[in-house]
Amino acid sequence: MRFHNALIPTTKEESAQAQVLSHKLMLRSGMVHQLASGVYSSLPLAARILRNITQVVRQHMDAVGAQEVILPMLQPLQLWQTSDRLKQFGPLLFQLHDRKQMPFCLGATHEEVITVLLRDCLRSYRQLPMVMYQIQTKFRDEIRPRFGVMRAREFLMKDAYSFTLTQQETQTIYEKMRQAYKAIFADCGLQTVVVDADCGDMGGNTSQEFHAVAQSGEDVLVFCPECNYAANQDVLPLDGTQQKSPNDELESRVDVPCPACKHPSLKQQRGIEVGHIFDLGTKYSLAFQATLQDAAGQQVPLHMGCYGIGVSRMMAALIEQRGASGCMCWPLQIAPFHVQLISLGNDATVQQAADGLYANLMRAGVQVLYDDRNEQAGVKFNDADLIGCPLRLCLGKRAVQQGQVEFQQGPDFSKSTQIALQQAVEHVTCQINDHQPETAHLK
RNA sequence: CGGGGUGUAGCUCAGUUUGGUAGAGCGCUUGGUUCGGGAUCAAGAAGUCGUAGGUUCAAAUCCUGCCACCCCGACCA
């Protein structure tokens with residue numbers, strides 16, 4: 001993509017609206033544009049990043065045998081009455097009416113829809129287990145949208161639902177999904193931890209959350225320094241005197257005994273919830289009479305699990321973990337472009353060389369953002385820092401005369417190496433092909 | 001929903017106290033000099049001052065209602 005006619009409206013000044021790093025950086029780098037509170041357009045950079053994240057998600061979901069579907073965003077409100085969720089979830093739903101005054105809502109989540117679908121379409125228990133997933137926009141009229149796409153009213157989510165005949169089978173799939181989730185976050189270069197969580201409005205028995213550890217996180221997590229107990233602080237019984245939030249420090253502690261090993265205090269950290277998995281039990285299958293005959297000829301309600309990933313929130317979480325004021329470096333597999341190619345000055349030979357290199361990179365299948373604008377070096381470098389492509393190629397007059405190009409690799413762009421112009425494409429493709437997804441630390 | 005704050009050019013803001021014909025910087029357009037970390041000179045375009053009503057000879061400025069957005073709390077991926 002050539003920069004001069006790309007929709008990448010970077011800005012020198014910071015928006016007054018943004019408070020957290022990821023929001024500031026997304027606005028400054030021209031990734032997103034706010035249309036209303038909690039409602040954002042994704043510009044080309046963000047769209048490409050989201051596409052890359054969803055690609056990783058699809059790979060892992062397909063690998064565990066989940067089947068991709070597309071469920072309706074428009075849902076009859078009646079479904080939510082049937083599942084008895086209208087009371088708790090009602091205010092969160094965007095509700096509307098069709099021309100006959102039938103009440104509808106925009107999909108905030110899809111347990112009801114998927115249960116009805118599988119109830120009507122499953123023929124035999126022999127088809128089980130079955131796992132369905134979709135990647136779709138969700139609508140929630142959040143009490144308080146904030147921090148840009150971090151808590152938006154319209155956001156991109158991957159939601160999956162599993163159906164089995166027994167609780168044990170659900171447990172097996174739950175564990176498979178847990179492993180898949182770890183792999184997804186690791187492949188995306190996001191450092192996450194898994195903690196025990198509250199089931200909330202979803203209902204069901206067990207649930208665990210995946211958190212990207214970050215100081216700007218909205219959740220407080222607790223960890224036992226002795227055993228491997230880890231939980232969202234919400235599930236701990238705290239009295240008013242105990243310190244609820246870990247102030248400004250990255251880590252702090254709370255004097256509550258570990259529920260697992262009775263160690264007298266727990267470590268606290270903040271996290272951004274990027275994934276949540278639930279064992280739903282039979283709550284929805286009972287409500288919608290989603291049953292099948294088992295081998296003994298008995299009608300039994302299906303056991304369900306559900307598994308969500310906040311795709312657009314992951315994008316923000318990556319910036320929180322990897323960004324700094326005015327600069328970012330995306331993991332190669334998620335980056336909007338592999339390479340940012342920068343031509344410096346308006347010398348004709350430089351431009352010619354850069355045009356040629358751009359064409360060759362494109363031909364080799366490299367995703368490249370070519371800054372072909374007639375701008376000062378400083379402008380181009382600053383924009384490159386903001387956009388955060390992990391590889392950078394820089395062509396100046398001196399280098400071109402010597403048949404060389406400057407190569408840089410994030411996150412430390414202060415170092416650079418000179419490589420022969422002729423070898424540049426090969427060098428870059430090697431970097432891309434040899435790249436191993438960064439393995440994030442997992443608990 | 002309660003508490004706090006902000007709405008003036010595409011963006012960041014001044015001007016509001018004390019009413020008197022709309023300002024700056026950045027960005028944008030045209031031309032010149034520059035060209036490896038947001039350069040510079042000259043000329044220019046751009047605003048129903050969130051919105052509706054009121055007070056007044058006169059309102060961005062004073063009064064009332066409404067709306068939007070941001071921040072602090074309960075909710076969630």
Side-chain angles (χ1 to χ4, degrees), chain A residues 9-20 23 27-28 30 33-39 53 57 88-93 108-110 135-160 181 185 192 197-202 207-212 217-219 232 234 244-245 271-278 306-317 326-327 342-347 350-351 371 373-386 392 394-400 406 408 413-414 416:
Chain A
T10 58
T11 64
K12 202 192 283 194
E13 283 174 297
E14 220 160 60
S15 167
Q17 303 290 33
Q19 313 294 322
V20 296
H23 193 194
L27 291 172
R28 277 198 64 199
H33 175 261
Q34 180 173 21
L35 186 64
S37 180
V39 181
I53 295 173
V57 170
Q88 319 117 291
F89 231 119
L92 208 65
L93 293 176
T109 170
H110 282 75
I135 295 170
Q136 200 190 49
T137 304
K138 291 280 187 280
F139 299 89
R140 295 183 184 175
D141 194 359
E142 290 284 343
I143 297 166
R144 191 153 83 83
R146 57 181 155 177
F147 306 150
V149 302
M150 196 88 84
R151 176 176 300 281
R153 295 195 293 175
E154 180 181 325
F155 60 96
L156 194 61
M157 177 171 168
K158 188 284 304 186
D159 47 324
Y181 270 36
F185 295 126
T192 56
D198 190 23
C199 293
D201 288 335
M202 293 298 166
S207 89
Q208 285 175 306
E209 291 168 345
F210 289 77
H211 283 265
E218 294 183 87
D219 289 87
N232 191 309
D234 292 348
K244 278 216 160 139
S245 60
I272 301 162
E273 186 187 350
V274 288
H276 201 159
I277 56 178
F278 302 79
C306 88
Y307 316 88
I309 289 181
V311 175
S312 43
R313 185 180 279 181
M314 271 179 77
M315 176 167 68
C327 86
I342 299 173
S343 66
L344 295 174
N346 58 356
D347 187 84
V350 173
Q351 273 183 23
D371 197 340
R373 295 174 300 170
N374 184 17
E375 287 287 356
Q376 297 242 167
V379 173
K380 293 191 176 190
F381 287 137
N382 278 304
D383 278 351
D385 289 343
L386 274 173
R392 203 177 286 181
C394 207
L395 271 173
K397 196 172 178 179
R398 230 174 314 140
V400 169
E406 191 173 308
Q408 289 171 299
F413 288 105
S414 62
S416 72

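Convention: sequence-line order gives letters A, B, ...; per-chain numbering from 1. As the structure is a prediction and not an experimental result, all values here were calculated from the model.
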A.B. asks: Check whether the side chain of A/R151 and the base of B/C76 form a donor-acceptor pair under 3.5 Å.
C.D. replies: yes
A.B. asks: Could a donor-acceptor pair under 3.5 angstrom be found where the side chain of A/E406 meets the base of B/G36?
C.D. replies: yes
A.B. asks: Kindly point out which of B/G38, B/G36, B/C76 is positioned nearest to the side chain of A/V379?
C.D. replies: B/G38
A.B. asks: Do A/N232 and A/D219 get their side chains close enough for a donor-acceptor pair, meaning under 3.5 Å?
C.D. replies: yes
A.B. asks: Between B/A68 atom P and A/Q34 atom CD, what is the distance in whole Å?
C.D. replies: 13 Å
A.B. asks: Please report the distance, rounded to the nearest Å, between CG in A/L386 and C1' in B/C11.
C.D. replies: 15 Å
A.B. asks: Before giving the answer on side chain to side chain contact (heavy atoms under 4.5 Å, CB included), spell out for A/K158 and A/M314 the whole-Å C-alpha distance, their side-chain angles and the decisive distance to 0.1 Å.
C.D. replies: CA-CA 11 Å; A/K158 188 284 304 186; A/M314 271 179 77; over 6 Å; no
A.B. asks: From the list B/G73, B/G38, B/G25, which nucleotide is the closest neighbour of the side chain of A/D383?
C.D. replies: B/G38
A.B. asks: Quickly work out the A/N374 CG to B/U34 P distance and round it to whole Å.
C.D. replies: 14 Å
A.B. asks: Side chain of A/I143 only, heavy atoms from C-beta on: which candidate in B/A74, B/U12, B/G36 is closest?
C.D. replies: B/A74
A.B. asks: If you measure from the P atom in B/A60 to the same atom in B/G23, how many Å do you get, rounded?
C.D. replies: 13 Å
A.B. asks: Base of B/G37, side chain of A/Q376 - is there a donor-acceptor contact under 3.5 Å?
C.D. replies: no
A.B. asks: Name the orientation class of the two ring planes belonging to A/Y181 and A/Y307 (parallel below 30°, tilted from 30 to 60°, perpendicular beyond 60°).
C.D. replies: perpendicular
A.B. asks: Looking at the base of B/C76, is there any donor atom on it, or on the side chain of A/R313, that sits under 3.5 Å from an acceptor on the other one?
C.D. replies: yes
A.B. asks: Across all strands, who's sitting opposite B/A74 as a Watson-Crick or G-U wobble pair, both distances under 3.5 Å?
C.D. replies: none
A.B. asks: What pair of heavy atoms forms the shortest contact from A/R151 to A/R144, and how long is it?
C.D. replies: CD-O, 3.2 Å
A.B. asks: OP1 or OP2 of B/U12 versus the side-chain N and O atoms of A/T11: is any pair under 4.0 Å?
C.D. replies: no
A.B. asks: Are A/F155 and the base of B/A77 stacked, counting only ring centres nearer than 5.5 Å and planes tilted under 30°?
C.D. replies: yes
A.B. asks: Both distances under 3.5 Å, Watson-Crick or G-U wobble: report the partner of B/C11, or none.
C.D. replies: B/G25
A.B. asks: Could you let me know what B/G37 is paired to, Watson-Crick or G-U wobble, both distances under 3.5 Å, or none if it's on its own?
C.D. replies: none
A.B. asks: Write down the distance between CG (A/D234) and P (B/A77), rounded to a whole number of angstrom.
C.D. replies: 12 Å
A.B. asks: Applying side chain to side chain donor-acceptor pair (under 3.5 Å) between A/D159 and each of A/Q136, A/H276, A/K138, report the one that passes.
C.D. replies: A/K138
A.B. asks: Taking only the side-chain heavy atoms of A/Q17 (C-beta and beyond), determine which of B/G73, B/G38, B/C69 contains the nearest atom.
C.D. replies: B/C69
A.B. asks: With a 4.0 Å cut-off, would you call A/R392 and A/D385 a salt bridge?
C.D. replies: yes
A.B. asks: Nearest of B/U12, B/G36, B/C71 to any side-chain atom of A/A377?
C.D. replies: B/G36
A.B. asks: How many whole angstroms separate atom CG of A/L344 from atom C1' of B/G38?
C.D. replies: 14 Å
A.B. asks: Please tell me which of the listed nucleotides, B/A77, B/C13, B/G36, lies nearest to the side chain of A/F381?
C.D. replies: B/G36
A.B. asks: Starting at CG of A/N382 and ending at P of B/G36, how long is that distance when rounded to a whole Å?
C.D. replies: 15 Å
A.B. asks: Could you please name the partner base of B/A42, counting Watson-Crick and G-U wobble pairs only when both distances are under 3.5 Å?
C.D. replies: B/U30
A.B. asks: Using Watson-Crick or G-U wobble geometry with both distances under 3.5 Å, which nucleotide pairs with B/G65?
C.D. replies: B/U51
A.B. asks: Rounded off to whole Å, could you give me the CD-to-P distance for the A/Q19 and B/G5 pair?
C.D. replies: 16 Å
A.B. asks: Select one nucleotide: of B/U12, B/G36, B/C71, the one nearest the side-chain heavy atoms of A/S15.
C.D. replies: B/U12
A.B. asks: Tell me the interatomic distance from A/K12, atom NZ, to B/A39, atom C1', rounded to whole angstroms.
C.D. replies: 10 Å
A.B. asks: Among B/G36, B/C35, B/C70, which is the nearest nucleotide to the side chain of A/N346?
C.D. replies: B/C35
A.B. asks: Hey, does the side-chain of A/R28 have a donor or acceptor N/O within less than 3.5 Å of a partner on the base of B/G38?
C.D. replies: yes
